[in-house]
Amino acid sequence: MRAMDTLVQASNLGRRFGRRWAVARLDLSIQRGERLLIIGPNGCGKTTLLRVMSTLLSPHQGSIEWFGGKHGTRENIGMMGHDPGIYEDLSAADNLHVFAKLSGAGTEEISGLLSTVGLDERTDPVARYSAGMRRRLALALLLQKQPQLALLDEPFAQMDPGGIAQVSSAIQALPGAVVIASHQVQHAAPLCTRAILMDQGQIRWTGPATSAESAWHALHEERGEL
Amino acid sequence: MSATLRVLQKDLLIEWRSRSRTVALLSFAYTILLIFAFAVGPDSAALKLHAGAYLWLGLLLSSTLLLDRTMRIEFEAGAMEKLMLVPVPATGIFYGKAVANLIQLCIVGAFSVPLVFIVCDATMVEPFGWLAATVFLGAAGLAAPGTMYSAMIARLSGKQLLLPLMLFPLVVPVIVAAVKATSLTMLGDPMNQIGSWLTLLACFNLVYWSLCGVLFGRVVEA
């Protein structure tokens with residue numbers, strides 16, 4: 001594997017909050033165009049790992065390198081976190097306009113993006129949207145950015161079946177590498193090629209995404225939760 | 001510079017879309033001024049003498065509402081992280097937001113001055129330009145450290161209490177200089193002191209705007 005094909009290379013990565021290590025001694029690499037699913041129980045470190053990979057959190061241990069150490073990391077990373085990252089007083093179109101202008105991108109594709117995520121008929125402020133609609137707007141912002149590395153934290157949370165279908169097809173339309181952290185393995189696994197199972201801040205299992213659900217069940221059985 | 005202008009445009013667009021809150025801010029400033037006037041009573045000489053102080057106390061208290069909101073819109077739904085990933089430089093975010101706050105404080109000041117003249121029976125003795133310059137420089141002295149502090153405490157609990165606790169001691173020199181300059185424009189300036197007070201305000205602004213611009217990046221990254 002050529003070094004330039006590796007988008008993220010994390011070695012012995014650790015991040016703690018107070019005395020508790022949310023991510024500890026973790027090694028991970030993500031290749032160009034790869035679709036990676038991260039699963040694991042609540043508090044296992046999925047969100048922390050995504051936030052470290054997004055550059056929004058710095059590691060307390062180990063090292064992480066993006067795009068082979070090239071500059072301009074942040075402009076190539078897109079993140080859809082728990083918070084949608086939008087302005088509540090603005091409409092969906094206004095939000096897309098604002099971020100297009102901030103990044104110097106064009107505004108021609110905004111109506112297309114809104115119809116992709118099913119928000120083309122909403123002209124009211126985002127404050128009146130449901131949680132699922134806010135997440136769809138966050139996904140539209142991610143599609144607008146077209147990042148080389150897209151990080152999605154629970155993209156199917158608070159979605160109805162129609163929303164899940166729209167989000168799934170939108171994720172498939174993302175051009176670069178995609179990392180999805182989700183509990184909803186049945187929706188996320190078909191979109192991914194590789195999966196990792198995290199527990200207590202470390203990777204417990206790595207394998208094809210098609211086997212993610214059985215690995216997930218095995219962890220539950222081991223913990224006596226099934 | 002372009003990042004600053006884009007953040008400024010964004011903030012002004014948000015304020016325009018939610019202008020009912022701007023009306024609420026003006027109403028708050030008016031209420032404070034009226035309370036001061038009623039508290040002093042019908043003593044016209046005392047009201048006239050302290051009109052400058054009432055104006056700046058009204059502006060200072062109103063600024064806490066404005067400055068609290070300026071960072072709440074960035075942090076309540078995670079928009080600040082999106083800005084950082086665009087990436088918009090931290091200095092661009094700071095100066096864009098601080099200028100947006102300055103504009104809004106100047107608007108509150110512009111609407112408050114006529115009320116002060118009415119309720120305090122104040123008059124202009126010196127040219128109006130001095131008062132306009134005082135409002136501008138005083139508002140700038142509140143906007144820069146206020147924007148910085150509101151970012152520092154945006155993710156803390158009890159931030160609405162913390163902001164005045166941290167901001168007020170820092171801006172005491174600005175308030176003192178602004179009150180002095182305002183009073184001199186209203187009561188007369190036989191010793192030609194207004195220029196000195198405005199120079200002092202300009203110096204404070206130079207320090208606040210440059211220092212806060214440098215430190216803001218560390219604050220938001222932390």
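Letters A, B, ... are given to chains in the order of the sequence lines, protein chains preceding strands, and every chain is numbered from 1. Just so you know, these numbers use all the heavy atoms, side chains as well, and skip hydrogens, waters and symmetry mates.
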Next item on the list: Could you please spell out the steps behind the side chain to side chain contact (heavy atoms under 4.5 Å, CB included) verdict for A/Glu88 and B/Glu76?
Entry: CA-CA 9 Å; A/Glu88 305 251 327; B/Glu76 69 185 355; 3.8 Å; yes
Checklist line | side chain to side chain contact (heavy atoms under 4.5 Å, CB included) between A/Tyr87 and B/Arg17, worked out | finding: CA-CA 11 Å; A/Tyr87 294 105; B/Arg17 291 279 194 265; over 6 Å; no
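For A/Gln61, the CD atom is densely surrounded, since the number of other residues' heavy atoms within 6.0 Å is greater than 12. No more than 12 heavy atoms of other residues, nucleotides or ligands shown are found within 6.0 angstrom of CZ on B/Phe38. By the neighbour-count criterion of 12 heavy atoms within 6.0 Å, atom CZ of B/Phe136 is sparsely surrounded, having that number or fewer from other residues, nucleotides or ligands.
Note: A/Pro84 leads A/Pro84, A/Pro147, A/Pro125 in heavy-atom pairs under 4.5 Å with chain B. With chain B as partner, the option from A/Val98, A/Leu57, A/Leu102 having the largest number of non-hydrogen pairs under 4.5 angstrom is A/Leu102.
With a threshold of 4.5 angstrom between heavy atoms, B/Val88 approaches chain A through side-chain atoms but not through N, CA, C or O. Residue A/Leu141 touches chain B through its side chain alone, counting heavy-atom pairs closer than 4.5 Å. Only the side chain of A/Arg51 comes within less than 4.5 Å of a heavy atom in chain B; its backbone stays farther off.
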Ignoring hydrogens and angles, write down the donor-acceptor pairs under 3.5 Å from the side chains of residues 18-34 of chain B, residues two or more places apart or on other chains.
{"unit_1": "B/Ser18", "atom_1": "OG", "unit_2": "B/Ile14", "atom_2": "O", "d": "2.7"}
{"unit_1": "B/Ser18", "atom_1": "OG", "unit_2": "B/Arg21", "atom_2": "NH2", "d": "3.2"}
{"unit_1": "B/Arg19", "atom_1": "NH1", "unit_2": "B/Trp16", "atom_2": "O", "d": "2.5"}
{"unit_1": "B/Arg21", "atom_1": "NH1", "unit_2": "A/Asp89", "atom_2": "OD2", "d": "3.4"}
{"unit_1": "B/Arg21", "atom_1": "NH2", "unit_2": "A/Asp89", "atom_2": "OD2", "d": "2.6"}
{"unit_1": "B/Ser27", "atom_1": "OG", "unit_2": "B/Val23", "atom_2": "O", "d": "2.8"}
{"unit_1": "B/Tyr30", "atom_1": "OH", "unit_2": "B/Phe111", "atom_2": "O", "d": "2.6"}
{"unit_1": "B/Thr31", "atom_1": "OG1", "unit_2": "B/Ser27", "atom_2": "O", "d": "2.6"}

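Pairing each heavy atom of B/Ala77 with each of A/Asp83, the nearest pair is O-CB, 3.4 Å. Contact detail for A/Glu75 and B/Pro87: the closest heavy-atom pair is CB-CD, 3.6 Å.
Looking only at distances, no side-chain donor or acceptor of B/Lys82 sits under 3.5 Å from a matching main-chain atom of A/Phe99.
Interatomic distance, B/Met84 CE to A/Thr55 OG1, rounded to the nearest 0.5 Å: 7.0 Å.
Side-chain atoms of B/Leu85 and A/Lys145, non-hydrogen and from C-beta on, do get closer than 4.5 Å to each other.
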